[in-house]
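Beneath this line is the structure, given in structure tokens, with notes to follow.
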There are 2 protein chains.
Amino acid sequence: MARVGLTTERLVRAGAELADEVGFEQVTVSELARRFDVKVASLYSHVKNSQDLKTRIALFALEELADRAADAIAGRAGKDALVAFADVYRDYGREHPGRAAAARMRLDPETAAASAGVRHSQMTRAILRGYDLTEPDATHAVRLLGSVFHGYSSLETAGGFSHSAPDSEETWTRILDALDALLRNWPT
Amino acid sequence: MARVGLTTERLVRAGAELADEVGFEQVTVSELARRFDVKVASLYSHVKNSQDLKTRIALFALEELADRAADAIAGRAGKDALVAFADVYRDYGREHPGRAAAARMRLDPETAAASAGVRHSQMTRAILRGYDLTEPDATHAVRLLGSVFHGYSSLETAGGFSHSAPDSEETWTRILDALDALLRNWPT
DNA sequence: TGCATTTACCTAAGCCTTTTAGGCAAGCTG
DNA sequence: CAGCTTGCCTAAAAGGCTTAGGTAAATGCA
């Protein structure tokens, strides 16, 4: 009975990697057990159930993404900050499609309120300091940006933009140009 | 052995309703069999497997949504068309969250190419006729609109905007104002 | 109308995932 | 080194997916 050294932390990290390989939907307690060469039941000391595992992966991804975003916007402002921030979301979705899908998972309100999701909206609002928006327009804009980042990443992952001109890269820069212009001239 | 009259069509419709009730992820061949008061194996004459069922629900939803969108934009142009079109997406997501989730499902390329998804992008492009965009900007704009509709609907369903001011209704109209303004002044 | 064909639904069975209950031994704590 | 905690185990139940092969209801054709 060699002990492998399972911890909730290690399971979640491995779950995140598994998600990137096979898709978040396909993350299963059984597969994770297989990867640790351990019996399935053994995971249940570290994780409440399958749902709990997925929620933890989602929280992990939100955290990781928020950290990257924070790094990216440090010392930047205006369009420079907007682009750096937005690129973090898109790059994350392409590097880590499973984690990104996890980050989009529906969380119950209390869990969401305690998650790094809060940091995400705070950072988005911080980006808007480079533009001249007052409430409630700032909130509207935060929601618009969230929708675009979220939506673009998930359409791109679904293959929506592949194999057709213009390439996704170009569309992305043009969308960011457009959003920058929009934020500078937000209609009242 | 009373025959219930199963058909692929009826299964898919029932599956769509089930999705709206319990969530698309929770749609299961077993539950569907239960609803028709039929043994699980019986469904396998009408549907290849669970994946096939879900794909068919997705295609059904895309079709239904495209029909509604087509109705909405008939006889409209400019901002009027944009708003009517966008509202179809948002309303569909709120009335039929399960089907809307299905419509967001990742399809393999050939299936996607044969789906009503094609009509969706054609209609989006048609909306842009009311604005002065030439290629490749029109394509960029189509992708932006797709991202926003997709993203907003999924964030709203996830409860992202609930219980905080301003309400989602107001944000939505302001976002449409903003998109209209943006399309009229697309940066080059 | 009666027979043949098709087919809608069934039973049976195997496999996989999830989850709980209870046991043993590995490794820290003193 | 004795004792406690706990990490991982076996066992088992319950439910979902899927295939193979059968029976009877519906359909079609003479």
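Below, chain A is the first sequence line, B the second, and so on; all start at residue 1. Just so it is clear, the structure is predicted and the values come from calculations on it, not from any experiment.
Between the P atom of C:dT20 and the CG atom of A:Leu43 lies a distance of 13 Å, rounded to the nearest Å. Following rounding to the nearest Å, A:Leu6 (CG) and D:dG7 (C1') show an atom-to-atom distance of 8 Å. Rounded to an integer number of Å, the gap from A:Leu32 CG to C:dT19 C1' is 16 Å. In this structure, B:Lys39 places its NZ atom 19 Å from P of D:dT19, rounding to the nearest Å. C:dA8 atom C1' lies 4 Å from atom CZ of B:Arg3, rounded to whole Å. At whole-Å resolution of the value, CD in A:Gln51 and C1' in C:dT17 are 15 Å apart.
Residue A:Arg35 places its CZ atom among more than 12 non-hydrogen atoms of other residues, nucleotides or ligands, all under 6.0 Å distant. Within 6.0 Å of atom CG in A:Asp167, more than 12 heavy atoms from other residues, nucleotides or ligands are found, so the atom counts as buried in its surroundings. Around the CG atom of A:Asp37, the shell of radius 6.0 Å holds no more than 12 heavy atoms that belong to other residues, nucleotides or ligands.
OP1 or OP2 of D:dT6 has not a single side-chain nitrogen or oxygen of A:His46 nearer than 4.0 Å. Between C:dC10 and B:Ser42, a contact under 4.0 Å exists linking OP1 or OP2 to a side-chain N or O.
Taking the six-membered ring where the residue is Trp, the centroids of A:Phe149 and A:His120 are separated by 6.0 Å or more.
Applying the salt bridge (Lys or Arg N to Asp or Glu O under 4.0 Å) test to every pair with at least one member in residues 39-53 of chain A, sequence neighbours left out, gives these pairs: A:Asp52-A:Arg56.
In this structure, B:Arg143 and A:Pro166 have side chains that are in contact, with non-hydrogen atoms separated by less than 4.5 Å.
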Base-contact (B) and sugar-phosphate-only (S) positions in nucleotides 11-17 of chain D, heavy-atom cut-off under 4.0 Å, - elsewhere:
B----SS

